[in-house]
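Excluded from the calculations below are hydrogen atoms, water molecules and symmetry mates; all remaining heavy atoms, backbone and side chain alike, are included. Counting starts at 1 for both ligands and their atoms, in listed order.
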Amino acid sequence: MRLLRNSWLLACLLCLAISAVGQTAPAPTVVRYEPCCGLLEGDVVALRRITYSDGSQKWLTVNTSTLATAIVPVSGRMPSGRDDDLVLPDGGSNYFILMDEVARDYPRYRHGVSSYNGAGYMLTCDLCPSSKGLDRDFIEMLADKGVSPVYISVSGKWMERHAADLQWLLSLKTPRIVWVNHSLTHYYKPGALDSVNFLNRPGTDLQREILGNERLMVEKGLTPSIFFRYPGLISSPAVARAVLDCGLIPLGADAWLAKGERPDKPGSIILVHINGNEPLGLKLFREWLPTTKMTAEEFKR
Ligand SMILES: [Zn+2]
């Protein structure tokens with residue numbers, strides 16, 4: 001009897017121990033998401049300060065030579081303000097040269113940077129809001145064929161509606177995904193003039209569209225890159241200014257496959273949609289891939 005009681009006690013203790021291990025504290029949520037700017041060390045600049053519900057803070061940083069971004073715990077000197085006190089390393093770097101070039105020549109970059117200095121191609125896949133599921137078989141095909149990295153432009157509305165598809169993308173080991181901000185609501189009215197459509201819709205809160213989506217990306221576990229893709233590739237000087245002021249570089253494309261454009265020279269930026277709404281673009285990419293010796297590359301300047 002005593003043995004039985006002890007076994008029962010042991011079982012209860014074991015259950016308690018197991019449930020204590022299972023009860024992990026909820027992950028802290030983002031309570032503040034602020035632009036900041038300051039040189040941290042070497043070529044690394046802090047672009048955002050992220051404050052979590054447990055009081056901890058992280059930076060979203062960019063390596064101004066490689067353009068790689070990272071989310072890292074705050075340490076050392078706290079950069080403050082915008083870019084007023086920023087000292088450019090060696091008088092400039094990839095990131096600043098690119099920002100400057102895009103800022104100076106709006107007509108040329110009105111759709112964003114649409115090619116890059118490389119021998120291969122860049123594959124960009126857009127996730128505009130959609131009622132259809134992610135084209136998972138296309139991503140699996142890319143993994144099979146070794147097409148990596150893949151730039152995925154994600155809108156807030158897509159993330160909110162496709163939690164399982166987003167988790168699936170986050171769980172992939174290949175291809176490597178570079179996440180591109182594609183605006184929060186991605187307004188689009190079929191047939192409306194470009195001058196009042198997409199981010200040019202009168203009354204659009206550009207800060208919310210840009211930083212609000214970036215914050216959502218961070219909350220969902222994504223590391224945003226320094227690229228922003230205009231919905232519909234449509235902008236205006238004011239939209240371009242807002243994107244650049246947020247420290248982001250508009251990413252265009254010169255080979256929107258479903259629109260008949262072709263990646264016929266090295267350094268092309270290919271655009272397809274993987275939100276279920278553009279099977280033609282995916283079919284054309286599948287047909288083109290075996291015909292080229294070029295490989296997918298990261299953006300280079
Ligand atoms: Zn889009």
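Proximity of the aromatic rings of Y187 and F198 is defined here by a centroid distance below 6.0 angstrom, and this criterion is not met.
No option in V62, D43, V45 other than V62 meets the side-chain contact (heavy atoms from CB on, under 4.5 Å) test with Y95. Considering W158, W256, F285 in turn, W256 is the only one that fulfils the ring pair (Phe, Tyr, Trp, His ring centres under 6.0 Å) rule with H273. Among the candidates T51, V218, L216, the single residue satisfying the side-chain contact (heavy atoms from CB on, under 4.5 Å) test with Y33 is V218. Among the candidates C246, P35, P224, the single residue satisfying the side-chain contact (heavy atoms from CB on, under 4.5 Å) test with E214 is P224.
In summary, the side chains of Y116 and E297 do present a donor paired with an acceptor at a separation below 3.5 Å, with no hydrogens or angles considered.
Ordered by chain and number, C128 SG, H182 NE2, H186 NE2 make up the set of protein N, O or S atoms under 2.8 Å of the Zn ion (ligand 1).
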